[in-house]
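A quick write-up on the structure given underneath.
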Amino acid sequence: MSNPESESEFTVPPKKLSDEDQAKVDRYLKSGHNDVERKPFRPFLLLGVILVVLTLLSLLSLFIARTKGVV
């Protein structure tokens, strides 16, 4: 039994670019012009920075609240 949904996954979408334009795009992508060396993503560093900023903002808000007599 064939499933129409699974068949649609393997169908090739209609071309949006002509063969000449697609060749230009492929040549540009292979040229390395848009390649950027990036450092590996470090999620724990990001988490640490977020925690430090959150802590500093919380301490700042407590300081402001105490100087204004709210707390």
Following the transitive rule for hydrophobic clusters with a side-chain heavy-atom cut-off under 4.5 Å over Ile, Leu, Val, Met, Phe, Trp and Tyr, establish whether Val49 and Val52 coincide in one cluster.
no
Nearest 0.5 angstrom please: Leu62 CG to Thr67 OG1, how far?
10.5 Å
Could you report the tightest heavy-atom contact between Asp21 and Leu17, atom names first, then the distance?
CB-CB, 4.2 Å
So CG of Leu51 and CG of Leu46: to nearest 0.5 Å the spacing works out to 9.5 Å
Would you compute the distance between atom CG of Leu45 and atom CD1 of Ile50 and round it to the nearest 0.5 angstrom?
10.0 Å
Ser58: what forms a side chain to side chain donor-acceptor pair (under 3.5 Å) with it, not counting sequence neighbours?
none
Separation between OG (Ser61) and CG (Leu56), nearest 0.5 Å, reads 11.0 Å
